[in-house]
Amino acid sequence: MRLKNGRPVWTDAKSAAEAVEIQRKLADRVFQNPFAGEIEFVAGADVHSTGGGKLRAVVSVLSFPSLEVVEDCFVETSPRFPYVPGLLSFREAPPLLECFKKLKTWPQAALFDGQGVAHPRRFGLASHLGVLLDLPSIGCAKSRLFGACAEPDDKKGAKADILDGEGRVIGAVLRTRENVRPVYVSLGHKVSLGQAVAVVMACVTRYRIPEPLRRAHGLAKG
DNA sequence: GCGACAG
DNA sequence: ATCTTGTCGC
């Protein structure tokens with residue numbers, strides 16, 4: 001992997017094989033334990049591909065649980081890695097890291113538009129960013145990448161386990177409101193699955209997507 | 001060999 | 001993710 005200031009840059013891979021190698025290396029650092037303490041601010045992070053072949057990353061910080069906007073941060077860059085299922089973070093992490101670096105208000109937890117440990121190597125976007133930022137993180141994806149799951153009841157708050165090949169629970173398919181497709185929640189880093197689900201539900205208003213992510217997504221598209 | 005496949 | 005308007009349904 002590339003080096004910067006003599007230290008490895010854990011988001012830069014020159015090939016898919018190298019990216020997988022980095023994921024295997026960093027996956028051990030993921031803490032699946034619950035955090036203690038109150039959340040005062042939550043962040044929502046999303047990246048949008050613009051028509052001009054650029055990536056526009058947005059991180060929005062909201063108060064918790066009142067969900068009032070505190071800060072929005074934007075960063076636009078050229079993609080350094082293509083989109084490859086399972087390697088999303090190598091494309092989206094660089095601009096997102098720049099956004100977090102610019103934040104004036106540091107959140108106690110962050111929501112990401114992608115998977116956490118519900119990933120082939122237990123190291124999706126939310127886990128990758130959580131580890132690099134040493135921040136409690138939660139994956140909240142709009143569709144499934146890995147794992148088997150049943151369809152949760154069509155009632156707000158209903159959920160079903162996401163299981164890996166060995167039958168271990170790696171996430172939850174969560175119905176955030178009636179008559180909408182469920183979202184795929186998994187812990188990213190320094191949170192338990194129960195906390196992840198609770199935080200997502202606490203951030204849901206009248207829409208399918210939790211407010212921090214919905215706002216970041218809306219701002220990223222313009 | 002044949003599907004599946006975050007954004 | 002992107003190409004794309006109006007329209008049906010809760």
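Order of the sequence lines sets the chain letters (A, B, ...), proteins ahead of strands, with each chain counted from 1.
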Sorted by chain and residue number, the side-chain hydrogen bond (donor to acceptor under 3.5 Å, both in side chains) partners of A:Thr77 (sequence neighbours excluded) come out as none
Donor-acceptor contact below 3.5 Å, side chain A:Glu151 vs main chain A:Ala160 = no
Partner residues of A:Lys101 under the side-chain hydrogen bond (donor to acceptor under 3.5 Å, both in side chains) criterion, sequence neighbours left out = A:Glu98
Classify the ring geometry between A:Phe100 and A:Trp106 as parallel (under 30°), tilted (30 to 60°) or perpendicular (over 60°).
-> perpendicular
Does A:His48 or A:Asn179 map to a spot on DNA chain C nearer the 5' end, using the closest nucleotide for each?
-> A:His48
Kindly indicate, with the supporting measurements, whether the criterion side-chain hydrogen bond (donor to acceptor under 3.5 Å, both in side chains) is fulfilled by A:Lys54 and A:Ser78.
-> CA-CA 5 Å; A:Lys54 296 287 185 181; A:Ser78 291; 2.8 Å; yes
Could you label the plane-to-plane angle of the A:Phe90 and A:Phe81 rings as parallel, tilted or perpendicular, counting under 30° as parallel and over 60° as perpendicular?
-> tilted
Value for NE2 (A:His119) from CG (A:Leu87), rounded to nearest 0.5 Å, stands at 6.5 Å
Does the ring of A:Tyr207 carry A:Arg214 above it, NZ/CZ under 6.0 angstrom from centre and within 45° of its axis?
-> yes
Which nucleotides of nucleotides 3-9 of chain C have their base under 4.0 Å from a protein heavy atom (B), which only their sugar-phosphate (S), and which neither (-), written as one string 5' to 3'?
-> -------
Measuring from A:Leu187:CG to A:Ile170:CD1, what's the distance to the nearest 0.5 Å?
-> 10.0 Å
When Watson-Crick pairs (N1 to N3 and N6-O4 or O6-N4) and G-U wobble pairs (N1-O2 and O6-N3) count only below 3.5 Å on both distances, what is the dot-bracket string of DNA chain C, with | for other-strand pairs?
-> ..........
For nucleotides 1-7 of chain B, read 5' to 3', which letter fits each nucleotide if B means a protein heavy atom sits under 4.0 Å from the base, S means only the sugar-phosphate is that close, and - means neither?
-> ---SBBB
If only atom types and distance count, is the side chain of A:Arg208 paired as donor or acceptor with the main-chain N or O of A:Pro182 below 3.5 Å?
-> yes
Test side chain to side chain contact (heavy atoms under 4.5 Å, CB included), reference A:Leu62, set A:Glu211, A:Glu68, A:Glu71, output is A:Glu211
Ring-ring centroid check A:Phe123 A:His128, cutoff 6.0 Å = yes
Note, A:His48 side chain near A:Leu55 side chain (heavy atom, < 4.5 Å) | no
Given that A:Lys221 and A:Arg177 both sit by DNA chain C, which one's nearest nucleotide is further toward the 5' end?
-> A:Lys221
How does DNA chain B look in dot-bracket notation if pairs are Watson-Crick or G-U with both distances under 3.5 Å, crossing ones as [ ], other-strand ones as |?
-> .......
